[in-house]
Amino acid sequence: QVQLVESGGGLVQPGGSLRLSCAGSGSTLDYHAMAWFRQAPGKEREGISCINRSDGRSTYYSDSVKGRFTISRDNAKNTVYLQMNNLRPEDTAVYFCAADSDLYCDSGQAVTALDFHFWGQGTQVNVSS
């Protein structure tokens, strides 16, 4: 079993930056594809980024975050990151990380919540002036 804990959320002004972290325990994350999702009030959970297992060379970004967000992984620390730059008010949401050992992340393939077996509890991000 994989346990995931997100951190790094908070309040930031439009145009600002935040870096979210997702720390894993219970199992190494090396063999898991990792993803970030977000869910705003009244909206469905949206898959925004994914990074493949092991070397993480293959990544996916949704159109809504492409060019602004960067996903990365540090297998030595069993942690995945989401660097968020040029934040907008519409980025306000609860951000979740997720893991799955069977999924392959591809730049052209959107990810959905059903693809992932393990989830963190989420961290709130508020973008407001």
F69/L87 under side chain to side chain contact (heavy atoms under 4.5 Å, CB included): CA gap, chis, key distance, verdict: CA-CA 9 Å; F69 292 9; L87 283 160; 3.8 Å; yes
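- Note that OG of S49 and CE of M84 are 11.5 Å apart. Values are rounded to the nearest 0.5 Å.
- Scanning both residues, A93 and A40, for their nearest heavy atoms gives CB-N, 3.8 Å.
- Using modelled atom types, one finds no donor on one side chain facing an acceptor on the other under 3.5 Å when comparing S128 with N126.
- Residues Q39 and F96 have side chains in contact (heavy-atom distance under 4.5 Å, counting atoms from C-beta outward).
- The CG atom of L103 sits 11.5 Å away from the NE2 atom of H32 when rounded to the nearest 0.5 Å.
- Residues Q1 and S27 have side chains that never bring a donor and an acceptor to within less than 3.5 angstrom of each other.
- V125 pairs with exactly one of L82, L20, L11 by the side chain to side chain contact (heavy atoms under 4.5 Å, CB included) rule, that one being L20.
- Residue I48 holds its CD1 atom at 9.0 Å from CZ of R68, rounded to the nearest 0.5 Å.
- Contact check for S72 versus Q83: no side-chain heavy atoms found under the 4.5 Å cut-off.
- Atom CH2 of W36 and atom OG1 of T123 lie 7.5 Å apart (nearest 0.5 Å).
- Legend: residues meeting side-chain contact (heavy atoms from CB on, under 4.5 Å) with S54, ordered by chain and number and at least two apart, are absent.
- A single hydrophobic cluster is seen to contain both Y95 and I51, as judged by linkage of ILVMFWY side chains at heavy-atom distances under 4.5 Å, directly or through other members.
- In terms of heavy atoms, T79 sits closest to L29 at N-CD1, 4.3 Å.
- To the nearest 0.5 Å, atoms SG (C50) and OH (Y61) are separated by 10.0 Å.
- Atom-to-atom distance recorded for I71:CD1 and T59:OG1 is 7.5 Å, nearest 0.5 angstrom.
- Formation of a donor-acceptor pair under 3.5 Å by the N78 side chain with backbone atoms of G24 is found in this model.
- Judged by the 6.0 Å distance and 45° axis criteria, R73 is not positioned over the aromatic ring of Y81.
- Of all the heavy atoms in S107 and S58, the pair that sits closest is N-OG, 4.3 Å.
- A salt bridge links D91 with R38: at least one charged nitrogen is closer than 4.0 Å to a carboxylate oxygen.
- Residue R53 comes nearest to Y31 through the heavy atom pair NE-O, 3.5 Å, listed as atom of the first residue, atom of the second, then distance.
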In residues 108-119, what donor-acceptor pairs under 3.5 Å come from side-chain atoms, sequence neighbours left out?
unit_1, atom_1, unit_2, atom_2, d
T112, OG1, D115, OD2, 3.3
D115, OD2, T112, N, 3.0
H117, ND1, D100, OD1, 2.3
W119, NE1, F116, O, 3.3

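- Under a cut-off of 6.0 angstrom, the local environment of CD in E44 is sparse, with at most 12 non-hydrogen atoms contributed by other residues, nucleotides or ligands.
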L4 and M34: CA distance, side-chain angles, deciding distance, side chain to side chain contact (heavy atoms under 4.5 Å, CB included) verdict: CA-CA 10 Å; L4 303 172; M34 301 295 299; 4.0 Å; yes
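- By the 6.0 Å contact criterion, NZ on K77 is open, its count of non-hydrogen atoms from other residues, nucleotides or ligands being 12 or less.
- Across S129 and P14, no two heavy atoms sit closer than the pair N-CD, 3.7 Å.
- For residues 3-19, every residue pair satisfying the side chain to side chain donor-acceptor pair (under 3.5 Å) rule, not counting sequence neighbours, is listed here: S17-N85.
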